[in-house]
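These numbers come from a predicted model, not from an experiment. Positions are given from 1 along the sequence.
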Amino acid sequence: MVENRAEPSGFLTVFKIRFTICLILFGGFAYMNLTGESFFGVTAEQVVSTVTDESFYETMQEEFSGLAL
């Protein structure tokens with residue numbers, strides 16, 4: 001007897017991969033923030049200052065508006 005199993009859609013597979021990458025990145029950031037360690041010379045404080053910088057926000061806003069979603 002052959003069972004029909006539904007294969008996960010491409011969207012679901014890509015979502016799982018992206019979600020896993022996000023969890024790993026967040027875990028790495030949390031580890032760096034709690035321990036004060038750096039990764040390739042980048043500290044958690046540098047990441048926070050870059051992300052909260054107004055020019056970074058404006059650059060991302062321009063990039064996302066160019067996607068025309």
Side-chain angles (χ1 to χ4, degrees):
M1 215 184 259
V2 176
E3 243 181 75
N4 286 337
R5 290 187 178 174
E7 294 294 322
S9 68
F11 172 77
L12 186 58
T13 303
V14 171
F15 175 76
K16 287 179 183 179
I17 292 170
R18 288 182 176 182
F19 185 73
T20 303
I21 291 170
C22 288
L23 283 178
I24 291 169
L25 289 173
F26 179 74
F29 172 76
Y31 174 78
M32 286 176 21
N33 195 27
L34 290 174
T35 62
E37 295 284 329
S38 65
F39 186 72
F40 288 107
V42 178
T43 64
E45 290 81 19
Q46 289 173 319
V47 173
V48 170
S49 68
T50 301
V51 172
T52 56
D53 186 24
E54 188 67 30
S55 64
F56 178 77
Y57 172 75
E58 291 170 358
T59 304
M60 288 292 103
Q61 192 172 22
E62 289 172 10
E63 293 290 327
F64 287 133
S65 67
L67 292 176
L69 296 176

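Within the model, atoms CZ of Phe15 and CG of Leu12 stand 8.0 Å from one another, a figure rounded to the nearest 0.5 Å.
The side-chain contact (heavy atoms from CB on, under 4.5 Å) search around Glu54 returns Tyr57, Glu58, not counting sequence neighbours. For Val14, the side-chain contact (heavy atoms from CB on, under 4.5 Å) partners are Arg18, not counting sequence neighbours. Annotation: side-chain contact (heavy atoms from CB on, under 4.5 Å) contacts of Thr52 (sequence neighbours excluded): Val48. Listed by chain and residue number, Asp53 satisfy the side-chain hydrogen bond (donor to acceptor under 3.5 Å, both in side chains) test with Ser55 (two or more places apart in sequence, or in another chain). Shown here are the side-chain contact (heavy atoms from CB on, under 4.5 Å) partners of Ser49, two or more places apart in sequence or in another chain: there are none.
Grouped with Leu25 in one hydrophobic cluster are Ile17, Ile21, the linkage being side-chain heavy-atom contacts under 4.5 Å among Ile, Leu, Val, Met, Phe, Trp and Tyr residues.
Within the 3.5 Å criterion, the main-chain N or O of Thr59 finds no donor-acceptor partner in the side chain of Glu62.
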Would you list the atom pairs, donor with acceptor, under 3.5 Å between side chains in residues 27-37 and any protein atom, with sequence neighbours excluded?
from  : atom 1 : to    : atom 2 : distance (Å)
Thr35 : OG1    : Tyr31 : O      : 2.7
Thr35 : OG1    : Glu37 : N      : 3.4

